[in-house]
Amino acid sequence: MIYMTQAQEMPTKKVTTINTKGQVTIPQTLQEKLDITPKTKLTIYTKDNKIIIEKIDTPTTTATTTVDDLEKQWDKIVTNIAKKGLKISETEIQKEIDAYRAENKR
């Protein structure tokens with residue numbers, strides 16, 4: 001017999017099918033429950049012969065983000081790169097910027 005406290009939640013299970021492109025549709029009820037919308041980032045991995053998909057909560061840039069905030073974020077990134085001794089070219093940086101913009105354009 002399984003005993004649960006009020007804080008514990010029963011798992012929500014739904015059935016879905018992989019399409020011919022290898023894609024899986026997340027049932028709408030689960031999307032709503034977890035606030036999964038288009039562009040939501042997910043991580044997928046295996047554990048004990050199971051496929052695990054988890055929502056990644058990422059901070060978003062809002063209209064209230066100032067240039068000063070962005071500069072601080074950039075300085076933090078540059079500092080971390082320098083600490084790790086990484087060498088990143090301007091071409092690589094531009095490639096990442098272009099990829100990010102293309103992804104967010106969809």
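All values below come from the heavy atoms of this structure, side chains included, with hydrogens, waters and symmetry mates left out.
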Restricting to non-hydrogen atoms, name the atom on Ile36 and the atom on Ile26 that form the minimum distance, rounded to 0.1 Å. CD1-CD1, 4.4 Å
Do you know the tightest heavy-atom contact between Thr40 and Asp35? OG1-O, 4.1 Å
Same cluster or not: are [X] and [Y] linked, directly or through other Ile, Leu, Val, Met, Phe, Trp or Tyr residues, by side-chain heavy atoms under 4.5 angstrom apart?
| X | Y | result |
| --- | --- | --- |
| Leu30 | Ile53 | yes |
| Ile51 | Ile18 | no |
| Leu34 | Leu42 | yes |

Once rounded to the nearest 0.5 Å, what's the spacing between atom NZ of Lys33 and atom CD of Gln28? 14.5 Å
CD of Gln31 to OG1 of Thr37: how many Å apart, nearest 0.5 Å? 8.5 Å
Residue pairs meeting salt bridge (charged side-chain N to carboxylate O under 4.0 Å, His left out), one or both in residues 45-56, sequence neighbours left out, come to Lys55-Asp57
Partners passing salt bridge (charged side-chain N to carboxylate O under 4.0 Å, His left out) against Lys95 (at least two apart in sequence or in another chain): none
Side-chain donor/acceptor of Thr16 to backbone N/O of Thr25, under 3.5 Å: yes
